[in-house]
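Following: one structure in structure tokens, then a few remarks.
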Amino acid sequence: MQLPYVIITMSTASLIISGICSVRLTSYSLQNSFSIIYEELNFTEAEKTCKALGYDGLAIPSSPEEFAYVLEATAYARQRIGEWLALRYYPEVDSILWDDGTAPAPDMPWFVRQSYRDPRYPCGRIYVAGVLGMIKCSALRYAVCGNHVKPYVEAHGETHTSFAPDILTPSLSEFKVESYLECSIHCGRIHLCRFAHFHHVTKICKILGPELQSSLAEDPESTTFVRRSYL
Ligand SMILES: *[C@@H]1O[C@H](CO)[C@@H](O)[C@H](O)[C@H]1NC(C)=O
């Protein structure tokens, strides 16, 4: 079997996989995608400030990799105070959503897991302890700004050759691909992806989410990507 050629530049990675398929990834550099505002502002003022700086708004660190990056980038600021994120409570649907309309993944770390859906606390921030929490929008916090269109996140995790998750349904999505590499790349496109399973015979790639409490079982016809979850 031929190894894929991998050409990586600063912000763009092109993968040409044994002439079978060609995937061009416009990867997005985490450093250039988030910015911290070291100024105590309420939620609306923080959002306005982010937009004035050219960002889409407050940050949406919804994938494990983005969240890990934001945790690290805010470590110093969080010794003092938390930072606003683009997270709001919508009483009409009793849901907390990111500003891109997606729901936070169920395995994200929260400060108060049971009682965060409260109309009195409709604005979200990263708390000093490095977990999510909701508070009043008039509170004064630092902020993390970000762009909301995220073409591709490089998923971090491990490849397990000859292993398959023992539970494979329901999957978030499944489709035919040519290679394991292509399957694992798709994991980075879906912030809920926790496993990407490739079957070498059927060539089916299954993306599995955090709700599936799967463990791995030996299967010579499978390769599985296990994404690192939130810290
Ligand atoms: C945020 O601060 C601005 C300026 O002080 C004020 O006009 C606005 O009402 C405040 N918003 C909230 C939600 O507290």
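Indexing begins at 1, ligand by ligand and atom by atom, following the structure's order.
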*Strictly by modelled atom types, are Asn147 and Ser33 linked by a side-chain donor-acceptor pair under 3.5 Å?*
no

May I have the N/O to N/O pairs between ligand 1 and the protein that fall below 3.5 Å, each with atom names and distance to one decimal?
{"from": "ligand 1", "atom 1": "2 (O)", "to": "Asn42", "atom 2": "ND2", "distance (Å)": "2.3"}
{"from": "ligand 1", "atom 1": "11 (N)", "to": "Asn42", "atom 2": "ND2", "distance (Å)": "2.9"}
{"from": "ligand 1", "atom 1": "11 (N)", "to": "Thr44", "atom 2": "OG1", "distance (Å)": "3.3"}
{"from": "ligand 1", "atom 1": "14 (O)", "to": "Asn42", "atom 2": "ND2", "distance (Å)": "3.3"}

*asked:* Any side-chain to backbone donor/acceptor pair from Thr74 onto Ala77? Under 3.5 Å, distance only.
replied: no

*asked:* Do Thr44 and Glu47 pair up side chain to side chain, a donor and an acceptor below 3.5 Å, judged on atom types alone?
replied: no

*Residue among His199, Lys206, His197 satisfying side chain to side chain donor-acceptor pair (under 3.5 Å) with Ser222*: His197

*side chain to side chain donor-acceptor pair (under 3.5 Å) evaluation trace for Asn42 with Ser138*: CA-CA 5 Å; Asn42 68 31; Ser138 59; over 6 Å; no

*asked:* Between Tyr180 and His200 (judged by ring centroids, cut-off 6.0 Å), do the two rings come close enough to count as a pair?
replied: no

